[in-house]
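Input: a single structure, listed below in structure tokens.
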Amino acid sequence: MQVSLRVNGEERRHDVEPRLLLVHYLRDVCGLTGTNIGCDTSSCGACTVLVDGESVKSCTMLAVQADGREVTTIEGLADGERLHPVQEAFREHHGLQCGYCTPGMVMAAVSLLNEHPHPTEAEVREGLEGNLCRCTGYHNIVKAVLAAAEAGASQPVGAAR
Amino acid sequence: MTALAPETDHRVIGQPLRRREDPALLTGEARFLADLQVPGTLHLALVRSPYAHARIRSIDLAPALQTPGVVAAFTGADLRGEWAGPLPCGWPVTPDMKQPAHLPLAAEVAHFAGDAVAVVVAESEYAAHDGAEAVVVDWEPLPAVVDLEDAAKDQTLVHPDLGTNVCYTWQLEPDAAAVDRAFAEAAHTVSARFRQQRLIPSPMEPRGVLVVPQPFGGDFTVYSATQVPHILRVMLALTVGVPETSLRVVAPSVGGGFGSKLNVYAEEALALALARRLRRPVRWVEERSEHAVSTIQGRGQIQEIELAATAKGKVTAVRVRLLADMGAYLQLVTPGIPLLGAFLYAGVYDVPAYSFSCTALFTTLPPTDAYRGAGRPEATYAIERAMDLLAKKVGVGPEEIRRRNYIPADKFPYSSVAGLVYDSGDYAAALERCLERAGYAELRAEQARRRERGDRRQLGIGLSSYFEMCGLAPSRVLASLNYTAGGWEAATVRVLPTGKVQVVTGTAPHGQGHETCWAMIAADRLGVAPEDVEVLHSDTAVAPYGLDTYGSRSLAVGGSAIAVACDRVIEKARRIAAHQLEAAEEDVELVAGSFRVRGTPERQMPLAQVAFEAFTAHNLPEGLEPNLEASSHYDPTNFTFPFGTHLCVVELDTETGKVELVRYVAVDDCGVQVNPMIVEGQVHGGIVQGAAQALFEEASYDQDGTLRSASLLDYLVPSAAEVPSIETDHTVTPSPVNPLGVKGVGEAGTIGAAPAVMNAVLDALAPYGVEDLPMPATPERVWRAIHAGAAGSASAQGGSPA
Ligand code: FES
Ligand code: FES
């Protein structure tokens, strides 16, 4: 089946199998391996990307369902050498250790801040519930997201830019 | 965060520097195992036993071979000729330990649900899985052995050829008569039995391996999501029979391990053997539900602990009996895990008499092995729970019983009754600081108010004072415990011609931030900027020597190796500088990265200039070789003993049984902190993992040995919504046993947390007469305990809090 979509601002057009998951499309067809896979039950959130600016677990969506849409992966977040404010905040506040959950966590946080530019700690915790991290205990992730909110990180990403 | 140290201040150690690892991880540039693509790669899928115990009558591979994309398929019998040895167990704790045969594919009998019996090789991952599903195995189910006490009865044998389910028994009882006497004379005794449920390690990155054969010469590069590239290289050479010199092992970015990647797995051996046989790159990536059945698990013990104490609650003896679940086979260090706790059941207390014994048993469950803390969380849990029970008997608070028993600060180095020498500590200081930070008196007052008014949400306050044995390990001590390797760590430090510094380490980080911290250590020692130091690791071609990363050893042992190697570089550089400055060596000192002649500071040579002189070798002292490079193979003289006190506050909903973590205060002492930001991160993550054992996680099996919690839907790794922010503080008691004064912190949080949380839950339940609850304290268990306890012992405690 034909899909045509924008990934990180670039037009992509491919012939794909109907059963191909978006996460496999991004990793194996587009070569964007920043989006990780951490489970087979849609539980971990490691594969979170933005589709039309909203966070989606890319293992729950078929590549063909992304037809005509705008997908942003972790590779598309920084502006050249300049990290996105959420990435910057994760670095500043040690919101990552092994970094495996990080691409998904950052994308989920970006989407959260787009919806709630000034969340409370409880809202951040609830909002990131679908993303598991085994290393950080979440303390510094939550701190980073709150700091990013403070710094006004809620600029829309991956919607109409 | 604090900016880099200003030019005038070269102390880098102690600064919360941001991590150099982060940009690649934050932008998706970092390459994990599953991100590596090599053209022509074949993919493996394993056929695993659905039964905990079953004989293989026959295996029909033909349907798999007809699956499109499948290129080959093998049974255990087909591959028997590939192995030069069994999958390794490196810790035969006793000479008569029973060790079952363990090859990468079981050929006759599967011994746990998940045991691999055939492998399918295909052009794509999808095809490999389709092929594996098509394989037809004719099984003859055999009785499972799930329960440890059943296993001990030897009625059903896991490995009939061994004649027993007992793998080994091990005892530590320096003076049996003293223990008997203490119990005979005790005013109070405590006797408790705890169950350490099995845990699934669950790093967010599953395991994986990719083996790339070189077309000529028979060399192989093994990429593995492993914590132990060096150990893996040696062990694969022995298991697969490839010369060590033909094997290069690389650990790419590794997404967490927690002990689960401290091993040598069947899939790694299979990938290497099949790459050799098929002459093509071979790859296997674990699926999450596969992780639950094919990777080692943690804990799995039944603990019986007894305390004897005086009328005032001074503990006079500790007696422990363990049943330890080995699972079906012995993986790399399976038998040794209980021994890592064996010396620690007296905890941080000054106890004169001690008895420990362990019976290790085979079951038809996945092998256990190291999981964050490995033996030490179990020991800490038992003693810290028992101390709370003793406090009740004596009629004092949990903080007071601990005060009465701590090893006093002036007794260090302290020779424990179990035979260890604790390096340094001030346990009481950590407790007092923790109580103060937490506002202990006010917490107790609030608890009392809620009890009085019969509040639906009761408060529980739990303490644990932990310590652990880190810095694994003095090689001679390991020898006395029958461990087959040493415990040293290697480092090489080079000052390159331009003055940049290269550190090569034998540690293998997977989230700990070694690149940042090792650069800080070298920068601090050499007086250069941390960004001028590069750190190379996790590739046996670059770092040929190493014993890798586990057991909170990397800083205390690997960091010390770097410090020693730096000192050797400085000594050599000093000779060159003295020669060129025409000064006596003893008059030349390194100040802020420059060699100066004492008294005439204008005569100086920066380290970079010395390095260039060492490189050109035009004018070196007679007999001195060119270049500035030194190595250390640092073997520690003793373990290090980090410690601390944790306090947990839970709110327990008496109507639903739900426990909510509302506060967590941790005061930890890991000696000198190289990067406090990273220390705190380790503590946070560790605490949540320990708390998860107390409240959420359990690899639960039915009586047939089938796992009921194989996916992340059933195995409850906590999310951000289930845990609070953590209040951390610290004391600093440097370790005298290494040049950095460091102790290690990777497991501290996990060790302290499970008992603190359970003590809090039981504190909340105390008015209901509940004295024990199995982990995890699920809402159902708590609710049942409230109802059973209220009915069972209403008179003792006044029944309900109302
Ligand atoms: S891979 Fe785990 S939710 Fe998508
Ligand atoms: S940083 Fe390792 S899983 Fe989150």
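Here is the naming used below: chain letters follow the sequence lines, and residue numbers restart at 1 for every chain.
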- [ ] Give, as side chain, backbone, both or neither, the part of I141(A) having an atom under 4.5 angstrom from any heavy atom of chain B.
- [x] neither
Open item on the list: Between P201(B) and chain A, with a heavy-atom cut-off of 4.5 Å, which part of the residue counts as in contact: side chain, backbone, both or neither?
Closed with: backbone
Task: chain B contact via L83(A) - which portion, at a heavy-atom distance below 4.5 Å - done: side chain
Open item on the list: Return the CD1 to OG1 distance between I74(A) and T27(B), rounded to the nearest 0.5 Å.
Closed with: 7.5 Å
TODO: Using a strict 4.0 Å threshold on nitrogen-to-oxygen distance, state whether R134(A) and E697(B) make a salt bridge.
DONE: yes
Task: Passing option when D35(B) is tested against L32(A), T35(A), T33(A) for side chain to side chain contact (heavy atoms under 4.5 Å, CB included) - done: T33(A)
Open item on the list: Closer than 4.0 angstrom, basic N to acidic O: yes or no for E88(A) and R18(B)?
Closed with: yes
- [ ] Nearest 0.5 Å please: distance from the CD atom of E287(B) over to the OG1 atom of T41(A).
- [x] 11.0 Å
Open item on the list: With a 4.5 angstrom heavy-atom cut-off, is it the side chain or the backbone of N36(A) that approaches chain B, or both, or neither?
Closed with: side chain
Task: Side chain R288(B), main chain D40(A), donor-acceptor under 3.5 Å - done: no
Task: Heavy-atom donor-acceptor pair, R91(A) side chain to L26(B) backbone, under 3.5 Å - done: no
Open item on the list: If we ignore hydrogens and angles and just use 3.5 Å, is the side chain of H139(A) paired with the main-chain N or O of H684(B) as donor and acceptor?
Closed with: no
Open item on the list: Between H24(A) and Y126(B), is there a side-chain donor-acceptor contact under 3.5 Å, judged purely by atom types and distance?
Closed with: yes
Open item on the list: Tell me if a side-chain donor or acceptor on Y138(A) pairs with a main-chain N or O of P718(B) at a distance below 3.5 Å.
Closed with: yes
